[in-house]
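Since this is a predicted model, take the numbers as computed values, not measurements. Just so you know, ligand 1 is whichever comes first in the structure, and atom 1 is the first atom listed for that ligand.
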Amino acid sequence: MSKRILITEPIIPSVIDKLEKRYQVDLGERGTYNDEQALVNDIRAYDALLPMLSNPITGKVIAAGENLDIIANHAVGYNNIDLEAAQKHDVAIANTPGVLTDSCAEFTIGLMLAVSRRLFEAQQYLLNGKFNDWEPLGFLGKELNGSTLGIIGMGRIGTGVARRAKALGMKVTYHNRNKVDPDLEQELDAQYCSTVQELASQSDIITLHCPLTDETHHLINEEILSLMPNDAILINTSRGPVVDEESLARALHNGSIGGAALDVFENEPELHPKLKTAPSCIRTPHIASASFQTREAIGMLAADAIIGILEGQPTSEIPNLIQP
Ligand code: GLV
């Protein structure tokens, strides 16, 4: 009998077609499996799961998946999955590294430009009928050229942002658990900051590209925000809980930093009420990887890992397994 796959919600059709050529595929409806109990109820029937980042793949879900051989997350992040439980139940875990780099790096640069040149405020002003004549002092922003970018997390996406920032004339500094390769540092003209404090006090824009771990939870807190210059901008396309939103909202409301752009939130999909009303703040619904090309590549990588595991390919040959 053909193996059964659950894709928890509609994704790019070519990916579904690829899996349907080999297996019996069920497709969840949008949002149904954001609920742990819904997963627990249905998981038993499946050999492989292709879940979204919004699906809580807890120990309870994994324990209920008696036939489950692999969980291939439709994301590079995997903070929605209980890795320990997966190991205990001998379920392989895959993610989708590499293929989001360009879409996320481009999106980050777009957010930097949008905040620093006040795009959405300016559009609103125009739509509100206030643009009556050209204003020499209207909507003055800051240029990226010549400003200092502080990157926290210099993995693939952080490096992609650094390359683009350098091309725009920005000076690149970064903080990471370890210094990057000296050749890369030289290529990017990047300066290492050994502490987040040092990086915060000297950056015009800080952008976050670190994973969410115990160490990075609330990494951007009241202390770090207070070290940032008054016109500095914070960009977050990593994970919401890396930023203490209460402190960020306060800093935006009292003008102790210049602005922010947030694609991810602490209690996603909830938006902190004080962030809803914060000035100079752009808020987007977790779309940094949302280009057609990237979402298709994400799906294909996840599908390939599923096919590899279900067809008995040696795990060492499946490049995107986090845990065999
Ligand atoms: C998106 O946030 C991802 O981890 O793929």
K60/D82 ion pair, N-O < 4.0 Å: no
Side chain T237, main chain H209, donor-acceptor under 3.5 Å: no
Polar atom proximity, T96 to ligand 1 (N or O, under 3.5 Å): no
4.0 Å heavy-atom contact, R239 with ligand 1: yes
Distance filter under 4.0 Å to V76 heavy atoms, resulting ligand 1 atoms: 3 (C), 4 (O), 5 (O)
Donor + acceptor pair across side chains of D263, T284 (<3.5 Å): yes
Transitive ILVMFWY side-chain link L208 to L252, under 4.5 Å: yes
Contact partition for L53 relative to ligand 1, non-hydrogen atoms under 4.0 Å: side chain
Short side-chain donor-acceptor distance under 3.5 Å, Y125 and E135: yes
Proximal atoms of ligand 1 relative to A75 (non-hydrogen, under 4.0 Å): 3 (C), 4 (O), 5 (O)
Residue part near ligand 1, for L100, under 4.0 Å between non-hydrogen atoms: side chain
Sub-4.0 Å atoms of ligand 1 with respect to non-hydrogen atoms of G77: 3 (C), 4 (O), 5 (O)
Test item: side-chain donor near acceptor, Y33 and D42, under 3.5 Å: yes
Interfacing atoms of ligand 1 (cut-off 4.0 Å, heavy-atom, H286): 1 (C), 2 (O)
